[in-house]
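Following: one structure in structure tokens, then a few remarks.
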Amino acid sequence: PAARKKKGSPRKSKAALIEEEAWTLLKTSMGYYCNNPVGTIAANDPSSPSTLNYDQVFIRDFIPSGIAFLLKGEYDIVRNFILHTLQLQVNYSLI
């Protein structure tokens with residue numbers, strides 16, 4: 001007789017829980033401009049007495065986040081990031 005497959009556990013696997021937590025943290029790190037998501041903040045250390053640059057979005061820090069958003073099908077934040085970054089470059093070159 002054919003082997004029967006075991007039914008999946010109703011509890012989430014450890015990997016699924018880690019992925020869910022990672023997405024939650026990534027979503028909470030989103031930075032906004034004019035109520036639109038435009039990137040993710042550089043770092044977040046709630047225990048730090050100074051905020052340093054934790055409220056700023058940097059190109060180098062958004063690349064891995066942007067790839068993750070694209071893989072998840074969340075294109076708006078990547079589009080907004082590219083548009084605002086290009087707009088800032090144009091404005092800076094006019095100065």
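Any value given below was found using the heavy atoms of this structure, including those in side chains, with hydrogens, waters and symmetry copies removed.
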Same apolar cluster (I L V M F W Y, side chains within < 4.5 Å links), Leu25/Met30 = no
Verify side chain to side chain contact (heavy atoms under 4.5 Å, CB included) between Phe69 and Asp76, making sure each step is shown before the conclusion.
-> CA-CA 9 Å; Phe69 282 117; Asp76 288 344; over 6 Å; no
Rounded to the nearest 0.5 Å, what's the gap from CZ on Phe81 to CD1 on Ile63? Could you check?
-> 5.5 Å
Under the 3.5 angstrom rule, does the side chain of Asn80 hit a backbone N or O of Pro37 as a donor-acceptor pair?
-> yes
Does one hydrophobic cluster hold both Leu86 and Val78, with members joined at side-chain heavy-atom distances below 4.5 Å?
-> yes
Mind checking whether Leu26 and Leu17 sit in one hydrophobic cluster, side chains of I, L, V, M, F, W, Y counted as touching below 4.5 Å?
-> no
Decide, yes or no, whether a salt bridge links Glu74 with Arg79 under the criterion of side-chain N to carboxylate O below 4.0 Å.
-> no
Do Leu83 and Tyr33 share a hydrophobic cluster (ILVMFWY, side-chain heavy atoms under 4.5 Å, transitive)?
-> no
Reference residue Phe62; test side chain to side chain contact (heavy atoms under 4.5 Å, CB included); the match among Ile67, Val38, Ile77 | Ile77
Identify the two heavy atoms, one from Ser65 and one from Thr40, that lie closest to each other, and give their separation to 0.1 Å.
-> OG-OG1, 3.2 Å
